[in-house]
Novice: 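This structure is in structure tokens; I'll ask about it shortly.
Convention: sequence-line order gives letters A, B, ...; per-chain numbering from 1.
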There are 2 protein chains.
Amino acid sequence: MNSAIILSNINEHVQLTADERAYLESVLISRPFRHDELIVKSGDVARYIMFVNAGYIMSYYTDQEGDDHVVQFAAQGWWSGDLFSLSPDPRTIYSTKGLSDGELLLLPRSAQEQLFEKYPKFERYFRISFQTSLIRQQLRFIESYSLTAEERYLKFQLKFPTIDQYIAQKHIASYLGITPEFLSKIRKRLLLK
Amino acid sequence: MNSAIILSNINEHVQLTADERAYLESVLISRPFRHDELIVKSGDVARYIMFVNAGYIMSYYTDQEGDDHVVQFAAQGWWSGDLFSLSPDPRTIYSTKGLSDGELLLLPRSAQEQLFEKYPKFERYFRISFQTSLIRQQLRFIESYSLTAEERYLKFQLKFPTIDQYIAQKHIASYLGITPEFLSKIRKRLLLK
DNA sequence: GGCACAAGATGAACCAGGTTATGAAATGAA
DNA sequence: TTCATTTCATAACCTGGTTCATCTTGTGCC
């Protein structure tokens, strides 16, 4: 298993010893996925959190009316946002799908608890990760109110300059909280400028 | 200082020793506030995070156009959501205001770092707190897309059955992401039902 | 290549929610 | 108690975004 990316990611926040590194590697599970594969279905018991080691994935939420809402795109080097696997009821409310071929590294829930017990450094790493995710999530929430759909689309393009070739427009629309038709209009409007 | 509430809050997730408890109490700072007092102004260097020991506060974000967006209400027993104080640049983007008279317990940033160093248990406590906050924040984000303004208002009333006497309607409207006028319409519509 | 089917574009009618304006009621300072 | 200020309600009008229907353009797939 190639764990270079996850290790360098963790190393940005805490310095791991050889022991800690070895232990982490011993509990990670490689999980390759294919383009368009449904990796996790909502309602599943998700006994792990996911690190994207290669490729692209997206997570989405299906509401009562059966409409999907894209919550997150994740590229190489990202954790997937589904944290329900860590709370008492591990049934996830998100589905996760591959947007390309790729590989996940799964960190099982049980292993994670042991990781925290054994090496508090990992607790620190995840504390920091959750904290920055929370800040980002709050900013995104604010933006969804204070920016127009067009501004949000422009921001999206800046944030994911390369990913969009992997993502269908309807999924981008869903991520932005608008209909595909309206995204179409925005794109046309932007071309004319 | 009365730290019963914060201790029982922490105790729900980790068991503190007498030492740990004493240390925490020694670094907490009492900060009383008044109704309508501006406690933190956006742009301030916020060197602490805040625990509501008594009363109600709200945090809001002021956008480029100068419009306020209420991000969070917090009652007794809640941490305030402003985590920028923990990131490298501690200038906050939120303002915080008292909705009633009350008291905050401030946990200074420097003290917090020492707390984590000295007693990893606190790292665990905050890891768990951030994690559950993140889950809640994601749910709120999803709801803002998949529910109508009226449904969100009804949910708000369920979630904060007592707080609304302290909060002006325009702040509730802001929290819900709508105009005060539109909230007015919704309330009228609901009364007629 | 050719067929089937999903994705994107386009346009018209429509609606949830915003904007602006006005007045009434509440709050509060002097 | 008065005057000023803020908040809430109401109503007419406006608009960003939706819905639905049709058409075009991919994109597997055998």
Novice: Between A:Lys118 and A:Glu113, does at least one N-O distance fall below 4.0 Å, as a salt bridge requires?
Specialist: no
Novice: With sequence neighbours excluded, tell me which residues meet salt bridge (charged side-chain N to carboxylate O under 4.0 Å, His left out) with A:Lys41.
Specialist: none
Novice: Mind checking whether B:Tyr175 and B:Phe73 have parallel, tilted or perpendicular rings, split at 30° and 60°?
Specialist: tilted
Novice: For the pair A:Glu150 and A:Arg189, find out whether any cationic side-chain nitrogen is under 4.0 Å from an anionic carboxylate oxygen.
Specialist: yes
Novice: Give the cluster check for A:Ile167 versus A:Leu154: same hydrophobic cluster or not, with ILVMFWY residues linked at side-chain heavy-atom distances below 4.5 Å.
Specialist: yes
Novice: Can you list the residues that meet the side chain to side chain donor-acceptor pair (under 3.5 Å) rule with B:Lys121, with sequence neighbours excluded?
Specialist: B:Glu20
Novice: Backbone N or O of A:Val70 within a donor-acceptor pair of the A:Ser174 side chain at under 3.5 Å?
Specialist: yes
Novice: Using atom NE2 of B:His35 as one end and atom P of C:dT27 as the other, report the distance to the nearest whole Å.
Specialist: 11 Å
Novice: Answer yes or no: is there a donor N or O on one side and an acceptor on the other, between the side chain of B:Asn53 and the main chain of B:Glu103, under 3.5 Å?
Specialist: no
Novice: Describe, as an angle rounded to 10 degrees, how the axis at the first end of the helix from C:dG1-D:dC30 to C:dA30-D:dT1 is tilted relative to the axis at the last end, five pairs per end.
Specialist: 60°
Novice: Tabulate protein N/O versus nucleotide N/O from nucleotides 10-18 of chain C, keeping only pairs under 3.5 Å, one per line.
Specialist:
from, atom 1, to, atom 2, distance (Å)
C:dG17, OP1, B:Ala149, N, 3.4
C:dG18, OP2, B:Thr179, N, 3.3
C:dG18, OP2, B:Thr179, OG1, 3.4
C:dG18, O6, B:Lys185, NZ, 2.7

Novice: So, do A:Phe126 and A:Phe116 have ring centers that fall under 6.0 Å from each other?
Specialist: yes
Novice: Using a 4.0 Å cut-off to any heavy atom of chain A, which nucleotides of DNA chain D are the first and last in contact, reading 5' to 3'?
Specialist: D:dG17 to D:dC20
Novice: Using salt bridge (charged side-chain N to carboxylate O under 4.0 Å, His left out) as the criterion, list what pairs up with B:Lys155, not counting sequence neighbours.
Specialist: B:Glu143
